[in-house]
K.L.:
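The structure is given below, and queries will be raised subsequently.
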Amino acid sequence: MAFDTDPRAEPVRLSDRVYAILALPAMAFFRLFEWPLRFLQRILGIGAMPYVFLFPNLAFFGIFVITPLILSIGFSVTGGTNLFLQDRPYVGAEQYGYLLECGNHLDPTTCREDRFWRAIYNTGTFVFFQVGFMVLFSLITALILNREIRGRGFFRAVFFFPVLLSPVVVALIWKWILLRDGVLNAALVSMGLERILFFVDPTWSMFWAIFVSVWAHMGFYTLILLAGLQAIPPDLYEAAEMDGTSKERVFWRITLPLLWPNMLVVIVLALIKAVQIFDEVFVLTGGGPGTATQFIVQYIYTTGFANQVQNFGLASAASVVLGVVLFALTIVQLAVTRRKDEG
Amino acid sequence: MTEIKLNKVVKAYGEVEVIHGIDLEIHSGEFVVFVGPSGCGKSTLLRIIAGLEKVSGGEVVIDGEVVNTVPASERGLAMVFQSYALYPHMSVYKNMAFGLENAKMPREEIDKRVTEAARLLQIEPYLQRRPKALSGGQRQRVAIGRAIVRDPKAFLFDEPLSNLDAELRVAMRKELAGLHAKLGGTMIYVTHDQVEAMTLADTIVVLSGGNVAQAGKPLDLYNKPRNTFVAGFIGSPRMNLVEARVAANGTGFDLVSGAQTIRVPEVPGLEAQSSATYGVRPEHIAITGEDDADVTATVELSEQLGGETYLYCSADGLPQLTVHQLGQLPVERGQVIHLKFDRSKMHVFGADGNVLANGLPT
């Protein structure tokens with residue numbers, strides 16, 4: 001009744017006091033900034049303060065993102081082998097012309113810079129299969145891990161574990177498995193089968209490049225999809241059960257539409273990551289055999305840094321082209337997600 | 001028409017038994033309300049009937065058929081969920097049509113049924129909207145519509161009004177009663193709100209700790225509670241329940257609580273030197289003169305509602321007493337008043353909490 005003592009008045013808990021003590025050093029640290037900020041506010045006025053707070057982040061972003069971007073555009077429109085921009089002659093769009101000139105764009109051998117176009121086609125193949133399998137397998141894994149299975153926590157950890165590994169470590173592990181004298185071939189031989197030279201065969205190399213990168217990153221996308229699956233209210237499934245919905249129909253008509261925003265995030269992130277693929281495949285196959293698994297970022301790296309003649313201009317032009325492609329993908333992503341929000 | 005029977009239904013989660021062998025018969029066309037505090041098993045019982053939970057023992061019988069192993073979809077029941085459970089990516093129309101599409105019903109029939117239900121529930125203008133664009137009350141109607149279109153053997157409602165604000169709740173309550181009158185189907189309704197139970201039910205089943213505390217017509221439960229739990233649960237504000245020691249006084253008994261003694265006539269089953277509980281509803285307490293009084297109490301709070309007045313009083317040895325008076329009563333906080341309990345409406349319960357008398361001879 002109205003005049004009972006209020007049970008909601010909580011006593012001060014011990015943990016609150018501990019937090020208060022732990023917060024002291026942080027408060028002391030922030031005190032250090034107090035007088036310079038007060039000083040700035042006095043001379044700049046309070047209207048300028050938001051910019052003062054934004055400045056450190058903007059400066060960081062400017063130095064490490066915007067400046068290199070401008071520099072690489074600068075390098076792409078200049079020629080020669082000099083490192084410093086002021087020593088390089090302006091050549092306009094010549095680098096781009098060299099990169100993009102082809103007799104037939106569908107056939108890399110007719111292009112002036114055939115390595116670039118080969119890298120583009122390789123990347124295209126890689127992206128198509130890698131993203132497809134990535135989405136498919138992470139969806140299947142998430143669906144399984146979302147069920148009430150024994151040892152669910154353990155399996156969730158197992159599938160996420162490769163994400164924590166460095167790409168180079170991942171590639172080295174698989175390289176040792178797949179080499180001529182690797183674990184897999186040893187197993188094949190012991191079963192009386194013939195050794196397969198995985199890194200000599202272009203198709204096998206591409207297969208393993210795709211397989212290893214799916215293996216390494218699948219856990220991350222599985223996690224995103226798992227979160228999406230768990231956000232679907234269980235009531236909906238019960239309502240569907242009462243409605244007499246078959247299992248397949250529940251998946252196609254309820255689970256998949258409600259998971260779609262997360263699927264979209266997964267597709268776009270996987271797409272962007274796949275276009276940027278470099279380190280794993282570089283360590284695993286070195287781009288070989290020949291140029292069979294050489295992708296666009298590796299092309300940029302070898303052109304700019306690893307070749308005998310370091311062609312910064314051409315590498316920068318290729319970077320800018322890659323940047324434009326990624327920018328376009330991001331625009332598509334934004335457009336699609338925005339339409340989703342409005343719908 | 002549909003009859004639902006529960007025979008010794010038991011539900012256990014691992015070692016923990018939450019429903020302890022419930023027997024219940026629900027007649028065709030009846031509006032049955034399961035009511036009880038949180039954790040009493042009312043929702044579990046509903047979900048067992050729906051087929052969303054498996055029984056651990058006993059039988060669920062629908063129209064003479066034991067349905068223990070029949071999946072939810074084949075029991076022919078429709079459920080309205082507390083959260084409404086509308087499919088957020090489908091329009092109102094699609095939400096209502098979904099179950100019928102599953103049954104591969106012809107397009108025209110689906111259209112006819114959805115339109116009819118929409119007209120009945122006055123949601124026709126919203127058929128093309130998504131649930132997101134509807135108010136709570138409208139969503140509630142869509143959820144009910146989704147049940148209606150399936151023409152189920154029985155409707156199951158799981159606390160359907162608890163997400164609505166007070167005003168809308170009262171309005172929807174009336175509509176539900178009207179809907180039952182119009183459709184005439186068997187309905188099972190779960191709520192923790194005894195006012196909803198009293199106003200909607202043909203039969204109320206009060207559940208407590210996984211058992212049926214009492215089942216019966218609303219006013220029977222109100223007038224003749226079988227035990228202190230039902231007495232305290234049904235009725236708002238709740239019945240005043242006072243624990244007392246019993247002493248013989250020659251012609252009857254004295255019920256002694258601290259400094260207060262209430263004289264009552266002979267009650268069968270009541271024994272001297274035992275403990276007992278007596279109950280009196282707020283409206284069965286009269287304000288009277290000092291000579292005539294059972295209890296002299298101090299007013300701690302008076303709630304003036306205009307048409308009626310509630311007084312919350314304290315007296316030495318008694319729990320707080322709620323007194324209901326019709327009309328406006330000029331009583332102030334701290335004032336001392338004299339109260340008399342209407343013996344003909346008093347309830348006496350034994351030491352085990354079971355009723356000994358509902359109404360005493362005067």
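Numbered from 1 within each chain, the chains take letters A, B, ... in sequence-line order. Just so you know, these numbers use all the heavy atoms, side chains as well, and skip hydrogens, waters and symmetry mates.
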K.L.:
Going from CZ on Arg253(A) to NZ on Lys94(B), what distance comes out if it is rounded to the nearest 0.5 angstrom?
P.N.:
5.5 Å
K.L.:
To the closest 0.5 Å, what do you measure between CG (Leu236(A)) and OH (Tyr84(B))?
P.N.:
14.0 Å
K.L.:
Tyr237(A) and Leu52(B): side-chain contact (heavy atoms from CB on, under 4.5 Å), yes or no, with the steps?
P.N.:
CA-CA 10 Å; Tyr237(A) 291 114; Leu52(B) 296 172; over 6 Å; no
K.L.:
Is it true that, when you exclude Phe129(A) itself, more than 12 heavy atoms of the residues, nucleotides or ligands shown sit nearer than 6.0 Å to its CZ?
P.N.:
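For Phe129(A), atom CZ is not crowded (no more than 12 foreign heavy atoms under 6.0 Å).
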K.L.:
Nearest 0.5 Å please: distance from the OH atom of Tyr87(B) over to the CG atom of Asp235(A).
P.N.:
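One finds 10.5 Å between OH of Tyr87(B) and CG of Asp235(A).
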K.L.:
To the nearest 0.5 Å, what is the distance between CD (Glu241(A)) and OG (Ser73(B))?
P.N.:
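Answer for the CD-OG pair, Glu241(A) versus Ser73(B), is 7.0 Å.
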K.L.:
Taking atom CD1 of Ile46(A) as the centre, does the number of heavy atoms from other residues, nucleotides or ligands within less than 6.0 Å exceed 12?
P.N.:
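Incorrect, the count does not exceed 12.
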K.L.:
Please check if the number of heavy atoms outside Phe220(A) that lie under 6.0 Å from its CZ is greater than 12.
P.N.:
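Open: at most 12 neighbouring heavy atoms sit under 6.0 Å from CZ of Phe220(A).
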K.L.:
Heavy-atom count check: over 12 atoms from other residues, nucleotides or ligands less than 6.0 Å from Glu243(B) CD?
P.N.:
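Counting other residues, nucleotides and ligands, CD of Glu243(B) stays at 12 neighbours or fewer.
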K.L.:
Chain A heavy atoms under 4.5 Å from Arg75(B): which part of the residue, side chain, backbone, both or neither?
P.N.:
neither
K.L.:
Is it the case that more than 12 heavy atoms not belonging to Asn68(B) sit under 6.0 Å from its CG atom?
P.N.:
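Atom CG in Asn68(B) is crowded, with more than 12 foreign heavy atoms closer than 6.0 Å.
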K.L.:
Give, for atom CG of Asp243(A) and atom CG of Asn102(B), the distance between the pair rounded to the nearest 0.5 Å.
P.N.:
6.0 Å
K.L.:
More than 12 heavy atoms of other residues, nucleotides or ligands under 6.0 Å from OH of Tyr13(B): yes or no?
P.N.:
yes
K.L.:
Which one of Glu101(B), Arg150(B), Gln82(B), Met79(B) has the most heavy-atom pairs closer than 4.5 Å to chain A?
P.N.:
Arg150(B)
K.L.:
Which answer fits Leu100(B), side chain, backbone, both or neither, if we ask what part of it has an atom under 4.5 Å from a heavy atom of chain A?
P.N.:
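Leu100(B) has no heavy atom closer than 4.5 Å to chain A.
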K.L.:
Which region of Ala50(B), side chain (C-beta onward) or backbone (N, CA, C, O), has a non-hydrogen atom less than 4.5 Å from a non-hydrogen atom of chain A, or is it both or neither?
P.N.:
both
K.L.:
Does Phe155(A) CZ have over 12 foreign heavy atoms under 6.0 Å away?
P.N.:
no
